Amino acid sequence: MHSLKALIREVPDFPKPGINFYDITTLLKDKHGLQQTIDLLCEQYGDTQPDIVIGIEARGFIFAPAIAYELGAGFVPVRKPKKLPAPCERVEYALEYGSDILEIHRDSIEPGQKVLIIDDVLATGGTAAAVAKLTEILGGKVLGLGFVMELEFLHGRDRLAGYDVFSLLKY
Ligand code: AMP
């Protein structure tokens, strides 16, 4: 696990002053790092038999399809507004300053399907909580939320109380 942390590049003051950005491109280009990250996430969820793995735009799209493939599930994208072409459900959620919107295709999850939600970083938890809400609006059952990294000092888990939350690397 320590070796995976060593593959993640920390970029201070990106995209704005005071933010320490965790850059996964240095992990992704490492063949062992990429393989180990996907394997460890799949191991965590191997017994849960999800029907659907959701990836959150944009960096969730890198990990979720690989996990879905390995676990024999389908992949569903949750996207920023006006990107998905068919009828959508949408959820608006608060950011530190202002708000944001995420969308999912209405027909992407059938009621009762078991859904795993994947993203790269759990920060404040606002994004992940919004995606859990979208899943439930469509009648999906949230099996768990999985992340490569968790920024524990932001207490994102508190926003996700009641859900199974897993992260590979904690900061
Ligand atoms: P949040 O809603 O605060 O949990 O933010 C989660 C989203 O923002 C994730 O999709 C992350 O990709 C991104 N994010 C937040 N903070 C960071 C950070 N310090 N480094 C890299 N990505 C981040």
Side-chain angles (χ1 to χ4, degrees), residues 1-30 33-34 36-38 40-41 44-45 50 52-68 75-84 88-105 108 115-137 140 142-171:
M1 223 63 93
H2 288 296
S3 58
L4 282 184
K5 263 196 178 178
L7 291 172
I8 290 165
R9 173 163 53 198
E10 296 184 35
V11 185
D13 299 317
F14 182 89
K16 53 186 181 185
I19 304 284
N20 191 37
F21 192 86
Y22 293 87
D23 175 20
I24 54 164
T25 64
T26 40
L27 167 78
L28 296 171
K29 74 176 174 136
D30 183 285
L34 176 62
Q36 200 188 351
T37 303
I38 301 292
L40 288 170
L41 285 167
Q44 175 66 20
Y45 296 109
I52 298 289
V53 181
I54 286 181
I56 307 174
E57 185 172 0
R59 289 183 295 270
F61 290 2
I62 297 166
F63 300 102
I67 295 164
F75 164 70
V76 167
V78 164
R79 299 207 62 181
K80 291 168 181 157
K82 300 192 176 151
K83 301 279 190 189
L84 291 168
C88 286
E89 286 297 338
R90 61 162 41 195
V91 66
E92 189 168 355
Y93 61 102
L95 298 174
E96 197 178 350
Y97 301 103
S99 67
D100 224 335
I101 290 170
L102 285 171
E103 293 186 340
I104 192 168
H105 273 148
S108 61
V115 178
L116 186 56
I117 297 167
I118 299 289
D119 204 358
D120 64 336
V121 176
L122 172 60
T124 66
T127 307
V131 176
K133 189 171 166 188
L134 277 177
T135 303
E136 288 167 352
I137 287 171
V142 178
L143 284 181
L145 299 103
F147 305 88
V148 179
M149 281 164 282
E150 176 176 0
L151 311 185
E152 285 186 307
F153 52 92
L154 292 174
H155 306 292
R157 266 174 198 267
D158 297 349
R159 300 268 288 267
L160 301 171
Y163 294 110
D164 182 77
V165 177
F166 172 76
S167 59
L168 279 181
L169 308 173
K170 296 177 203 319
Y171 288 84

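These numbers were taken from a predicted model, which means no experiment stands behind them. Indexing begins at 1, ligand by ligand and atom by atom, following the structure's order.
Side-chain contact, K29 with T26: no donor N or O sits under 3.5 Å from an acceptor N or O.
The closest protein non-hydrogen atom to atom 11 (C) of ligand 1 is D120 OD1, 3.4 Å. Considering only non-hydrogen protein atoms, atom 3 (O) of ligand 1 sits nearest to T124 OG1, 2.5 Å. For atom 20 (N) of ligand 1, the nearest non-hydrogen atom of the protein is Y22 N, 3.0 Å. Ranking the protein heavy atoms by distance from atom 2 (O) of ligand 1 puts T127 OG1, 2.5 Å first. In terms of protein heavy atoms, atom 13 (C) of ligand 1 is closest to R59 NH2, 3.6 Å. Residue, atom and distance of the protein heavy atom nearest to atom 21 (C) of ligand 1 are F21 CE1, 3.4 Å.
Side chains of V91 and I101 form no contact here, defined as non-hydrogen atoms less than 4.5 Å apart.
The closest approach between G125 and ligand 1 falls below 4.0 Å for a heavy atom of the residue.
In this view, F166 satisfies the ring pair (Phe, Tyr, Trp, His ring centres under 6.0 Å) rule with no residue, not counting sequence neighbours. Under the salt bridge (Lys or Arg N to Asp or Glu O under 4.0 Å) criterion, R59 pairs with D120, sequence neighbours left out.
Look at K170 and E152 and you find no salt bridge, because none of the NZ, NE, NH1 or NH2 atoms lies under 4.0 Å from a carboxylate O. A salt bridge links R90 to E103: at least one charged side-chain nitrogen sits closer than 4.0 Å to a carboxylate oxygen.
Neither the backbone nor the side chain of L95 has any atom closer than 4.0 Å to an atom of ligand 1 (non-hydrogen atoms only). With a 4.0 Å heavy-atom cut-off, ligand 1 is reached by the side chain of D119 but not by its N, CA, C or O. Under 4.0 Å from ligand 1, heavy atoms of V121 appear from its side chain as well as its backbone.
Taking the ring centre of Y171 as origin, the terminal cationic atom of K5 falls inside the region bounded by 6.0 Å and 45° from the ring axis.
Atoms of ligand 1 found under 4.0 Å from any heavy atom of N20 (numbered from 1 in listed order, with element): 18 (C), 19 (N). Near L151, with a cut-off below 4.0 Å to any heavy atom, the atoms of ligand 1 are 19 (N). Residue G126 has at least one heavy-atom neighbour below 4.0 Å for each of these atoms of ligand 1: 2 (O), 4 (O).
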Inset, instruction - Show the numbers, then the answer: is there a side chain to side chain contact (heavy atoms under 4.5 Å, CB included) between L4 and L27? - result: CA-CA 7 Å; L4 282 184; L27 167 78; 3.6 Å; yes
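Note: an N/O pair closer than 3.5 Å links A123 and ligand 1 by distance alone.
The line from CZ of F147 to CG of L169 is 13.0 Å long, rounded to the nearest 0.5 Å.
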